Amino acid sequence: MSPPPSPQFSMKQEIENLLEQAVADLRGRGELSDAAVDAAAGARVQRTRDARHGDFASNLALALAKPAAANPRDLAAKLVDALPASDAVEKVDIAGPGFINFHIKRDAWLRVIDAIDSAGESYGRSDRGAGRRALVEFVSANPTGPLHVGHGRGAAYGDAVARILSAAGFDARREYYINDGGRQMDILALSVWLRYLQGGDGGLGKTVARHFPVNAYQGGYVRDLAAAAREQHGDAFMPGGANDAGDAADAADATTVDTTVDTLFAALPDDSEARIDALIARCKSALGDGYRRLFAHACDALVGQIRDDLLQFGVAFDTWFSERALLDGGDIERAVAALDARGHIYEQDGATWFRASAFGDEKDRAVRRADGSHTYFASDIAYHFNKAGRGFDLLLNVFGADHHGYAGRVLAAFEAFGFERERLQTRLVQFATLWRGNKKVQMSTRGGQFVTLRALCEEVGVDAARFFYVSRKNDQHMDFDLALARAQSADNPVYYIQYAHARICSVFRREMESGAADAGAPAALTEPGEFELLQTLSRFPEVVEAAAAAFEPHLVAYYLRDLARDFHAYYNAHPFLSAPPGVRRARLQLIGAVRQVIANGLALLGVSAPKKM
RNA sequence: GCGCCCGUAGUUCAAUCGGAUAGAGCAACGGCCUUCUAAGCCGUAGGUUACAGGUUCGAAUCCUGUCGGGCGCGCCA
């Protein structure tokens, strides 16, 4: 799938190489100590903000100054003297406290056009990851309801990170962890069952409706699940009908059922959470084996719906990992045993504990309760033990901000297993505060009050929604105004970028129609705007690398806006098709390169690059 | 109370593991369609980077404290 990495044009890399040789030279002559060079390892070559500082600047001399106990400007002068000759460098000067500024020959920038042309879709890709295997786990919402807009940010972010890691040479996979083992899922099954009873024969509707718990799942989708259950399983989930579903539809059964429903709601605890737990217990005993089938019906249906919603959103997971599979497969026992073997497990007050505090967590955490049941954390430990055991070099967990308390304990367990800390990375995605105009939108899955991801896609479109989500740094709080997103969808920055792509495609369509065949070379480019574009184009591989290294897709989004801005300005200032013969071809080559890079960049964000708008 | 994340222009957000004069979109104001898509371009205006100290050649970025916002602190999931 991923094209082989090709050696790519990188002016920055060239400058870095020159400096490296200069340092080696000075070190060889004894003018720099090894210790000083090591201490200055953090020095970097970076693009300048101000053209007067040249095209690239290095703070190497500043970083070396202290460990080498020398004046930074003197050091800079020595480094400059030791620089090997390069046909790309116009001149080098020393500025300010000791920056080394590189001015690139204009002609050298022209090379980027050929580099993009020959690399095509793989321009921007690198082998930085060297084929290392990465697993990105994201979304992982409980299948207790459809995905809502709060999940969208994690979905857009995680998917973009996976795409960017792939581009950076990692073998990246996407995984969704299905939390299908907990109490929330029992509440869902109960909710579906009650709606099922409510919709059945026997006059149960009013009774059930009156007793439907406020803290059960209220959403309309629960009724849909109940209706589907009835369609697929008939009366199988009626109390008393579970064991002899075949002939349960007798008139006599109505009274049986009615009585059961009365007792179902009789003498319940006052506390709402205790009440719902009691109802779950009654549901289980009423259905017997049927409970498992009802549970599976609800869970499978919702997971399927989530999968469809995500596919529509452009996110395809490689694996769907079920918590129940962990439970059934004995993974929890194995994981706890592994920790125990390393001496990190102890018993206290009848419960079993993991010594998380020994690995930087705030306190020790229970993995097994006094009653013998395992905690939620235990399955999480087992899950990460399993993931690490599958041979991934990098595990990236994308958590919602409300799970941040988790990162510490999961990392503690990971380390306790003997895995290197760095293999497990966690990135938090902050909540998006939803607004409709100036009114805050409250969201609750149990209460059924939420805007679904699907509805968002239909309202503002997948491209606009995805771009918006990844246009903010993941740990930054963000406001999402639904009214604005809808009203201003045409002003969304994503269209600005897509429009640049469409405009270029349009130019080439016109060119095809004209049938003109002329020659030309990039050397005919002389306008300042053309060199700005060339420099921006040459930045793309650096942006992708930086985005991959820090898991920051927003860097790509901002880069694309820069590139589109440079292009639109150029478009308005210069003709392409009606330019003089040699220049004409060169300009078309330039904008062809722009089109390629926009398409490559948008693909990293999972956003389409339309040929027409 | 303790812990984590955050605080940048009217507003929504950037700022290359500490770099030189903190930048964009939207909103506001003034211009540009007889030429390749005006979903565009050009220009103007907008800042004590919450506040106070500290570290150094250099701080929005690192440290300490204060204020403000979000989230989390169970043998719940």
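Just so we're on the same page: letters track the sequence lines, and every chain starts at 1. None of these values were measured; they are calculated from a predicted model.
Looking at heavy-atom distances under 4.0 Å, A/Ser471 makes contact with sugar-phosphate atoms alone, never a base. Nucleic acid contact for A/His53: base, since at least one base atom lies under 4.0 Å from a heavy atom of the residue. Residue-level contact check: A/Ala502 touches the bases, meaning some heavy atom is under 4.0 Å from a base atom. A/Ala57 comes within 4.0 angstrom of a nucleotide base, judged by non-hydrogen atoms across all strands. The residue A/Leu577 sits close to a base: some heavy atom pair falls under 4.0 Å. Counting non-hydrogen atoms under 4.0 angstrom, A/His574 reaches a base of the nucleic acid. Across all strands, A/Lys473 comes closer than 4.0 Å only to sugar-phosphate atoms, never to a base (heavy-atom distances). Residue A/Asp475 is classed as a sugar-phosphate contact, given heavy-atom separations below 4.0 Å to backbone atoms only. Contacts of A/Pro575 with the nucleic acid, taken as non-hydrogen atoms under 4.0 Å apart, include base atoms.
For the pair A/Tyr496 and B/C41, the criterion of a side-chain N or O lying under 4.0 Å from OP1 or OP2 is met. A/His568 has no side-chain polar atom (N or O) that falls below the 4.0 Å cut-off from OP1 or OP2 of B/A38. Applying the 4.0 Å criterion to OP1 and OP2 of B/C13, one finds that A/Arg561 has every side-chain N and O outside that range. Taking 4.0 angstrom as the limit, A/Arg427 places none of its side-chain polar atoms (N or O) nearer than this to OP1 or OP2 of B/C5.
Using a 5.5 Å limit on the distance between ring centres and a 30° limit on the angle between planes, the aromatic ring of A/Tyr499 does not count as stacked on the six-membered base ring of B/G40.
Of the candidate nucleotides B/A39, B/G19, B/U37, B/U37 has the atom nearest to the side chain of A/Val507. Here the side chain of A/Pro493 is nearest to one of B/U16, B/U37, B/G25, namely B/G25. Taking only side-chain atoms of A/Arg472, from C-beta outward, the nucleotide of B/A38, B/U12, B/U16 with the closest atom is B/U12. Distance from the side chain of A/Gln476 is smallest to B/C6 among B/C6, B/A15, B/G19.
Shown here, B/C33 is classed syn by the O4'-C1'-N9-C4 or O4'-C1'-N1-C2 angle, which is within 90° of 0.
B/C4 and B/A14 have their P atoms separated by 22 Å, with the value rounded to a whole Å. Nucleotides B/C2 and B/G47 place their C1' atoms 36 Å apart, quoted to the nearest Å. One C1' atom belongs to B/U12, the other to B/G19, and the distance between them is 27 Å to the nearest Å. For the P atoms, the distance linking B/C5 with B/A9 amounts to 22 Å, nearest Å. Rounded to the nearest Å, the gap between the C1' atom of B/G58 and that of B/G46 is 27 Å. Taking the C1' atoms as reference points, B/U48 lies 28 Å from B/G43, given to the whole Å.
When every heavy atom of A/Pro581 is checked against every heavy atom of A/Asp518, the shortest pair comes out as O-OD2, 3.3 Å. Minimum heavy-atom separation, A/His53 to A/Thr48: O-CG2, 3.4 Å. Residues A/Ala500 and A/Ile598 approach most closely at CB-CD1, 3.8 Å, considering heavy atoms.
Annotation: cation-pi geometry satisfied between A/Arg561 and A/Tyr558 (NZ/CZ under 6.0 angstrom from ring centroid, within 45° of ring axis).
A residue-by-residue look at A/Phe468 and A/Met613 shows that A/Phe468 has its nearest nucleotide of RNA chain B further toward the 5' end. Nearest-nucleotide assignment on RNA chain B puts the 5′-proximal partner with A/Ala43, out of A/Phe508 and A/Ala43.
Across all strands shown, B/G68 pairs with B/C6; the Watson-Crick or G-U wobble distances both stay below 3.5 Å. Under the Watson-Crick or G-U wobble criterion, with both distances below 3.5 Å, B/U56 has no partner in any strand shown. In this entry B/G23 has B/C13 as its Watson-Crick or G-U wobble partner, both defining distances falling under 3.5 Å. In this structure B/C32 sits in a base pair with B/G40, meeting the Watson-Crick or G-U test at under 3.5 Å. B/G74 is unpaired under the Watson-Crick or G-U wobble criterion, no partner having all donor-acceptor distances under 3.5 Å.
Ring-centre distance between A/His403 and A/Tyr406: below the 6.0 Å cut-off. When ring centroids are compared, A/Phe576 and A/Tyr570 come within the 6.0 Å threshold.
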| said: Quick one, A/Arg503 with A/His568, criterion side-chain hydrogen bond (donor to acceptor under 3.5 Å, both in side chains). Give me CA distance, side-chain angles, the key distance, then yes/no. | reply: CA-CA 9 Å; A/Arg503 268 184 152 178; A/His568 284 306; 3.0 Å; yes

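Per the geometry, CG belonging to A/Leu560 stands 17 Å off P belonging to B/A24, to the nearest Å. The nearest whole Å value for the distance from the CZ atom in A/Arg47 to the P atom in B/A14 is 22 Å. Between the P atom of B/G19 and the CG atom of A/Leu62 lies a distance of 12 Å, rounded to the nearest Å. In this structure, CG of A/Asn572 is placed 12 Å from P of B/G43, rounded to the nearest angstrom. Rounded to an integer number of Å, the gap from NE2 of A/His501 to C1' of B/C36 is 16 Å. The distance from atom CZ of A/Phe467 to atom P of B/A14 is 12 Å, rounded to the nearest whole Å. Between the CG atom of A/Leu411 and the C1' atom of B/C4 there is a distance of 14 Å, rounded to whole Å. Straight-line distance from the CG atom of A/Asp566 to the C1' atom of B/C42: 15 Å, rounded to whole Å.
The backbone N or O of A/His374 sits less than 3.5 Å from a side-chain atom of A/Arg369, completing a donor-acceptor pair.
For A/Glu552 and A/Arg427, the salt-bridge test fails: no basic side-chain N is under 4.0 Å from an acidic carboxylate O.
Taking 3.5 Å as the limit, the base of B/A20 and the side chain of A/Asn101 contain a donor-acceptor pair of atoms between them.
There is a side-chain donor-acceptor pair under 3.5 Å between A/Ser608 and A/Asp463.
The side-chain hydrogen bond (donor to acceptor under 3.5 Å, both in side chains) test applied to A/Arg510 returns no partner, not counting sequence neighbours.
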| said: For nucleotides 70-77 of chain B, give me one character per nucleotide, 5' to 3': B if any protein heavy atom sits under 4.0 Å from the base, S if the only such contacts are to the sugar-phosphate, - if neither. | reply: SBSS-BSB

